[in-house]
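Right, one structure below, let's go through it.
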Amino acid sequence: MPLSELPLWFALPAALLLILSGLLTLIGCLGLLRLQDFYARIHAPTLGTTLGAGGVLLASMLVSSGLSGRWVIHEVVIGLFLVMTAPVTTLLLMRAARFRERAHLVRPPERQETKRSAEEDTP
Amino acid sequence: MLLPAALYFALCCFGIAVIFATVRLWLGPSAQDRILALDTLYINGLLIILTLGMELGSLLYFDIALLIALFGFVGSAALAKFLLRGELIEP
Amino acid sequence: MRLGLVPLLLAFWLLLNQSLAPGHWLLGLLFAVVVAALAKRLRPLGARPKRPLLAVQLLWHVFCDIVRSNIAVSSIILGAPHRQPRIGFLDIPLDLRDPHALATLAMIVTATPGTVWAGHDQANNILTLHILDLQNESVWIHTIKERYERPLREIFE
């Protein structure tokens, strides 16, 4: 069965879910670009890994079930795996960032700016 | 008609999201920013593969997406662990 | 032997193979039993979750919170050029002691956009949270303590 002949009760929710998760993932990556601080940026991609991925996985279930005429739900495996692993990566990154800041390997941006302005004031 | 349009829209969104993540990967400024961008990139790649699988009506793309999820997690976790300790396998 | 793992692994095997044929049941059951027997050595400390209904209710609450904070974080990001969010760390004293419950709390908090688990002081049992938009500290403390910690204590302790 071609994609355009999918029954409406499969196609309509799938289309809505796809549009929603596309927008959410895009906003998440926009946040990666727009926010000023690493600690603010670490929150942005979570949008894509929670509802963004969830929407696409649900839509994929709907579309493949509609196309093949039986229940295709093996996307649940990817969903469970993402739910289990995405927070672990974020946690490790958070710990790494705090460790590096404490070890003075990277200077947080506020401190850099104050230093620069202090240097400008002295001469 | 509605579903193919939604698929193209979602693909465009994920494509632009990949560009944004690549810009963050390029700009940095710190190593953890780059790892965060790489993490976002593999999630976006997974979503693109799933959307393509829907569009082409093939179930094979599911296995590719599963493999991307597995290896992407291992890669990001290893990189973050490297930042944390400076070595991957502790004695 | 982790008996709880057997049906989970069997379900995964059947899902991945997309079939309910008797051969797959047999092979999946074999793999599940072997892996469950080996898993005991990987982590000898076992979790004893109680009250499954409360766990389902907690899962539903987490889902609602994820949807709500998705909307909140989206609006923050879209308004970012004019107004950068007030990021900040927040220390919350916990009563939770069970390691599995703490792990579950870490997953819940980190999976919700806008909050990331930033550390845990084991000696004093104080959780450090990183919050994207720190407007009202007491609301966050109330959410963590009442909405997540109380059901987790009832489930795991």
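Residue numbers begin at 1 in each chain, while the letters A, B, ... track the order of the sequences.
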#### Entry: Student check: side-chain heavy atoms of A/Leu51 and A/Leu20 closer than 4.5 Å
no
### Task
Find out whether A/Val83 and A/Thr50 are in side-chain contact, i.e. whether some heavy atom of one side chain is under 4.5 Å from a heavy atom of the other.
no
## Note on the structure
Whatever's closer than 4.5 Å to a heavy atom in chain A on B/Phe62 counts as both
### Query
Side chain, backbone, both or neither: which part of A/Val63 has an atom under 4.5 Å from a heavy atom of chain B?
side chain
### Task
For each of B/Pro4, B/Ala17, B/Gly57, tally heavy-atom pairs with chain A at distances under 4.5 Å, and name the one with the top tally.
B/Ala17
#### Entry: Qualifying residue for side-chain contact (heavy atoms from CB on, under 4.5 Å) with B/Ile16, from A/Thr25, A/Leu26, A/Leu30
A/Leu26
### Task
Select, from A/Cys29, A/Gly22, A/Ser64, the one with the greatest count of heavy-atom pairs under 4.5 Å involving chain B.
A/Cys29
### Proximal component of B/Asp33, with respect to chain A [non-hydrogen, under 4.5 Å]
both
### Proximity breakdown for A/Leu32 and chain B, heavy-atom pairs closer than 4.5 Å
both
### Task
Answer yes or no: is there a side-chain heavy-atom contact under 4.5 Å between B/Leu79 and B/Asp39?
no
### Message
With a 4.5 angstrom heavy-atom cut-off, is it the side chain or the backbone of A/Leu23 that approaches chain B, or both, or neither?
### Response
both
### Toward chain A, the part of B/Leu70 with a non-hydrogen atom under 4.5 Å
both
### Query
Side-chain contact, heavy-atom cut-off 4.5 Å: A/Glu101 with A/Tyr39?
yes
### Query
Please walk me through it: do A/Leu35 and A/His43 pass side chain to side chain contact (heavy atoms under 4.5 Å, CB included)?
CA-CA 10 Å; A/Leu35 298 172; A/His43 296 283; 5.9 Å; no
### Task
Apply side chain to side chain contact (heavy atoms under 4.5 Å, CB included) to A/Met61 and A/Val72, showing your working.
CA-CA 6 Å; A/Met61 275 186 230; A/Val72 179; over 6 Å; no
### Contact origin within A/Ala44 toward chain B - heavy atom pairs under 4.5 Å
neither
### Query
Is the shortest heavy-atom distance from the side chain of B/Ser76 to the side chain of B/Leu38 under 4.5 Å?
no
### Task
Decide yes or no for B/Phe71 and B/Tyr42: does some side-chain heavy atom of the first lie under 4.5 Å from some side-chain heavy atom of the second?
no
### Message
If we define contacts as heavy-atom pairs under 4.5 Å, which of A/His74, A/Arg95, A/Glu75 has the most with chain B?
### Response
A/His74
### Message
With chain B as the partner, which of A/Val56, A/Leu92, A/Thr85 has the greatest number of non-hydrogen pairs under 4.5 Å?
### Response
A/Thr85
### Message
With a 4.5 angstrom heavy-atom cut-off, is it the side chain or the backbone of A/Leu12 that approaches chain B, or both, or neither?
### Response
both
### Task
List the steps, then state whether side chain to side chain contact (heavy atoms under 4.5 Å, CB included) holds for B/Leu11 with B/Glu55.
CA-CA 10 Å; B/Leu11 270 181; B/Glu55 192 167 329; 3.5 Å; yes
### Query
B/Tyr61, B/Phe9, B/Phe20: which one forms the most heavy-atom pairs within less than 4.5 Å of chain A?
B/Phe20
### Task
Please state whether the side chain, the backbone, both or neither of B/Ile43 comes within less than 4.5 Å of a heavy atom of chain A.
side chain
### Task
Heavy atoms only, distances under 4.5 angstrom: which of A/Leu17, A/Leu57, A/Leu33 has the most pairs with chain B? Name it, please.
A/Leu33
